[in-house]
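Reviewing the structure listed below.
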Amino acid sequence: MTDPSAAPTPAQAPTPAAAPAPTPAAGTTGTAAMQLTGLTKHFGQKLAVDALSLTVPEGSFYGLVGPNGAGKTTTLSMATGLLRPDAGQALVHGVDMWRDPIKAKALIGNLADGVKLFDRLSGEQLVTYNGLLFGLDRAEVADRVADLLRLLDLESAAGSLVVDYSAGMTKKIALACALVHAPRVLVLDEPFESVDPVSAANIRDILTGYVQNGGTVIVSSHVMDLVQRMCDHVAVVANGRVLVAGTVDEVRGGSTLEDRFVELVGGRTHAEGPEWLRRS
Amino acid sequence: MVATLVKLRFLLLRNSLKRSAWQLVAVIIGALYGLGALGLAVLGLVALRFAPLEFATTVVILAGSAVILGWIVLPLIAFGIEQSVDPARLRVFPMSMTQLLVGLTLVGLLGVPGIVTSIAALATVVTFSVSLPAAIAAVIGAILGVLTAVIASRTVAALSTSLQSRRRFRELGGILIFIPILLLGPLLAWFTRGVADSADALPGLARALSWSPLGAPFSIAPDVAIGDYGPAALKLLISLATLVLLVLVWRHSLAVSQVNPPAAARKQAARGKTGLFGVLPATPAGAVAARSLTYWRRDPRYARQLIIVPLVPVLLWFYSVNNDAPALLNLTGPVLAFFLAVSIYTDISFDGTAFATHLADGVRGRDDRLGRLGALAIIAVPLVLLGTIVPMFWTGSWNLLPIFLGLSAAALLGGFGVVSVSSSRIVIPVPQAGDNPFRSAPGASFTTALSGFATWGVALLLALPATILAVCALIFSSALLGWLTLLVGVVLGAVFLVVGVRIGGAELDRRGPDLLMRLRMLRGA
């Protein structure tokens, strides 16, 4: 955090203040931060998620990778209470998301993909809004908002309306909204999309620090390289199913995660594209 | 390219029909309604063939002027106007301005209103089939008239878009400009009623209109029919000039809007200033209220609803003067209360997918409801009180205050209860945040109006007990019944409010994810 331009390595210990510490365990049992069992979702005739089961151990940095349309966003939406599954169960630290949604949602910080924010609020107002919605008191919210804006380098933009933010800044303010109530599990759908490399490195540091303090992070991404460096666990999803899941080293075997991914998912072509696109 | 645009319009219609059976019902009802009106119009126009020529002339010119005026004014005030082929979305395609103009005109012509107008206009050929030259003039007039209507409507729509992108039509101020336009209708109605009182003035009005752009296209044929070729030629010229002018203005404003998409105004607040979030209670419901109230101030789609505030007293004043019944003005408070309460009947549609924030943060349905109502109450309660009490000064009828306070309370509180339930169920396409609030959302239509009217109906029904008491109190001039109205209005209204919040809150807790799914399916929500 001290030198954002330096490439972060896993060995580099982030400052303890780098992330809001997760709240201590509150009467929940089991070591799975998130347990998905048989999640299924149809959209009309299309089977988007097909009886997907996944266990995310507590304290893990879990990557969810898969090709476009694999069902990653749908799965995460069902796990975080935004989309009702046709069948299956999602437990967050043992709390059933669809039986006791309010308790389960309080444990989760969610950065959803493909939904808007209340973007006529200023960045600072938006994070404050999320804090208040989780029932934090005003002074606590003000402190946390100030910390988060500083951490994510959004201080200068704090007073601007979120609608005027760039795509990367919008991702960052959404991340701040997900962090403000110090959740035990962070569920981030494509958090690095259109984020500049310096901010991405900063976010990685925050997330690593968060995991080291006992929090759990689930992140979906297309960038294999990033997942390989950042995560300790990974699941490869395609066609609504988990193809393989485990620690990153288990999954990739001897090769890189990207090669292993292409091998699992297939679909790589070696054509040069159609002839009419090759002129000039 | 033009054919592609027209095809696109029908493809969009077909796809939206495929997706929702309600949309299909709406289109069928719309089409039946249009057919009915069309049948009557054509019959009438044919019948006019056998009426005295001067009478036919007056009717055709007045009706034609009204139709063109309708095409211009309706897109400004109605939600459900067809805008499925949005010029802003065509920005990226290599299309010449001429192709775009021709395409959009055709698209406008080929909708239900366009077809109905065209056929009715062509029926005037029968009306003036007294001689061949007159019939030919009627064909030309009909074509010019319909083109003027369609293009004027598009021009006004494009103007309001380009005006917005240039002058940052963002906050309340921008909305106020439209009030005179909205008042145009009642003003005209008031004016024409005065005229209608002496029916012999109508031919004079028609004669005057026939020299204006509104009536000129429809007065060419009658002039030819009676052999006045000079005036006919002049009116043809007026019509053509109008059309050319409209096309030029349209072309210019479209060009402006194509290269200057409506952009957000930059607004910068100081650090640590969280505005209303620091003022209202620091609870989930308080936060929702602060958010809603901020939107009422910053988002023109909400501010648009406040047009009703100056409009209601002005309209009531018109009618009270017209009918010589000053007591009508006393209704300002209750009417205001009703319209303000139902203004948020589909509040969650305005959130769009940002509603996911409430869902992900585990906001209880009850808190969501209370927050939204709280924000509206902060605006509506003072306005309604003013609207109830100030007219009493005017009319000097203080003894009626309890009656009208009771009516206001019944309308406002009952309305709060109704919208708490309706906004937890109804999701309709609305303009996006930052869009021109007067632009109807793509896909919005008759269904939109239907759900709105249903909500209004229920809200009116809930105000019925207080209304009956109020009427009795007025008829029997009973002070006791007046106080009873106040009591019933407040108590029953409060009961409806609590029940509405309970039901709506539970509904939201249960079906929040399904609402989000429907919001996602709306284009661009």
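The chains referred to below are lettered A, B, ... by the order of the sequence lines, with proteins before strands, and numbering in each begins at 1.
- With a 4.5 Å cut-off on non-hydrogen atoms, B:Leu280 touches chain A through its backbone but not through its side chain.
- When each of A:Leu136, A:Leu133, A:Ile102 is checked for heavy-atom pairs under 4.5 Å with chain B, A:Leu133 comes out on top.
- The residue among B:Asp514, B:Leu276, B:Thr283 with the most heavy atom pairs within less than 4.5 Å of chain A is B:Asp514.
- In this structure, the portions of A:Asn130 lying under 4.5 Å from any heavy atom of chain B include both its backbone and its side chain.
- For the pair A:Lys171 and A:Asp113, the salt-bridge criterion is met [side-chain N within less than 4.0 Å of a carboxylate O].
- Between chain A and the residues B:Gly362, B:Gly371, B:Ala354, the most heavy-atom pairs under 4.5 angstrom are made by B:Ala354.
- Between the side chains of B:Arg369 and B:Ser423, a donor-acceptor pair is found at a separation under 3.5 Å.
- A salt bridge does not link A:Asp147 to A:Arg144: none of the charged nitrogens lies less than 4.0 Å from a carboxylate oxygen.
- Residues A:Glu193 and A:His222 bring no donor and acceptor atom of their side chains to less than 3.5 Å of each other.
- Classification of the B:His358-A:Phe118 ring pair by plane angle, with boundaries at 30° and 60°, yields tilted.
- Heavy-atom distances place both the backbone and the side chain of B:Leu359 under 4.5 Å from chain A.
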